[in-house]
Amino acid sequence: MGVRWLGLVVVAACSSSKPRTAEDAKRAPPPGDAAVLVPTDAMATPRPPTGDVQVRVEWTNVPPTARSSPGKTACGTARAPAVAPTTTWGIPDAVVIVDGAPGTPGEARVRFADCALSPRIAIGGALVVDSAADRPTAVKVAQRGELADLRTLTAGVERSIQLPIAGHAVTAPLIVGGIYEITSERGDAAWIVAAQAAITDPSGVVLVRDVPPGVHAVRAWIPPRGGEPARHARGELTVVAGDLAELTLQLVP
């Protein structure tokens, strides 16, 4: 038994002194009880720490006229009210701009169907319009203002976009930072904000992720609708890495 044990010890010693190749090093587990797997991207440059921003947009005591349909379209369907607040006055379809938020605006897609344009507000650096009508129609696009001054809207210079029959779309470039109104020949309207922004959900809330730490200005805006003037709000919040910063904005004329 002593000889056999000595032989095993010698073999183990010899094997432990054998030079290890690079492949051996990759396969060998680190010291300890369990192997640790390291992702291949672990060596990549780590992303800077960021935080998230949650903004709630409110309009307290919205007047009944703004919550009612302003009439019917040329197709006989009811026009949407200026706003559809929640029971706690949260405002859906409001534009929220968080200065310094990452990303670039994509395409704003608007559809003409049943004598109406939808959605009534969209975000994008280029406008894509398609029609579900069974005959060619036209819409007009005009820049009505800029994000630098949400309180001032102008008539703007209109340009016409001819829409073919259903199944086709037309693309038009926009100037980043501009606010545009699209109107159909039936009198309906939609708005485009050509910037990196977000639109509040049915509860009046929007969540913006991966915002750099620091103090950020925040703005909210809804366009004029149904005889109601445009409304806006301003505020600021401090973003901390790995945390959620919350802010409530109250819309004013």
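Keep in mind that what you see is a predicted model, and the values were worked out from it rather than measured.
- Annotation: side chain of I182 is not in contact with side chain of F112 (no heavy-atom distance under 4.5 Å).
- Here the OG1-CD distance, from T154 to Q143, works out to 7.5 Å after rounding to the nearest 0.5 Å.
- Among pairs with a residue in residues 82-95, those fulfilling side chain to side chain donor-acceptor pair (under 3.5 Å) read R56-T88, T86-T88, at least two apart in sequence or across chains.
- Not a single donor-acceptor pair under 3.5 Å links the side chain of E58 to the backbone N or O of T248.
- Of all heavy-atom pairs spanning A155 and R144, the tightest one is O-CD, 3.3 Å.
- Closest approach of D114 and C75 over heavy atoms only: C-SG, 3.4 Å.
- Residues R225 and A82 approach most closely at NH1-O, 2.9 Å, considering heavy atoms.
- Under the 4.5 angstrom side-chain criterion for Ile, Leu, Val, Met, Phe, Trp and Tyr, V252 has no cluster partners at all.
- Sorted by first and then second residue, the side chain to side chain donor-acceptor pair (under 3.5 Å) pairs with a member in residues 203-219 read T50-D210, D52-R209, D99-R219, D201-S203; sequence neighbours excluded.
- A continuous path of Ile, Leu, Val, Met, Phe, Trp and Tyr side chains, each step under 4.5 Å between heavy atoms, connects V129 with I175, placing both in one hydrophobic cluster.
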Donor-acceptor pairs are to be reported for all side-chain atoms of residues 131-139 against protein atoms at under 3.5 Å, with residues two or more places apart or in another chain.
| residue | atom | partner | partner atom | Å |
| --- | --- | --- | --- | --- |
| S131 | OG | A133 | N | 3.0 |
| R135 | NH2 | E185 | OE2 | 3.4 |
| T137 | OG1 | E185 | OE2 | 2.8 |

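- Partners of W59 according to the ring pair (Phe, Tyr, Trp, His ring centres under 6.0 Å) rule, which considers only residues two or more places apart in sequence or in another chain, do not exist here.
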Could you list the donor-acceptor pairs under 3.5 angstrom formed by side chains in residues 229-237, with sequence neighbours left out?
| residue | atom | partner | partner atom | Å |
| --- | --- | --- | --- | --- |
| R231 | NH1 | L251 | O | 3.3 |

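- The closest donor-acceptor contact from the side chain of R67 to the backbone of P85 lies at 3.5 Å or more, if one exists at all.
- We find the CZ-CD1 distance between R120 and I222 to be 9.5 Å, quoted to the nearest 0.5 Å.
- In this structure, D188 pairs ionically with R79, as a charged nitrogen and a carboxylate oxygen lie closer than 4.0 Å.
- Counting only distance, with no hydrogens or angles, the side chain of S68 and the backbone of P64 share a donor-acceptor pair below 3.5 Å.
- Here the rule is side chain to side chain contact (heavy atoms under 4.5 Å, CB included) with V193, and of I123, L150, L174 only I123 fits it.
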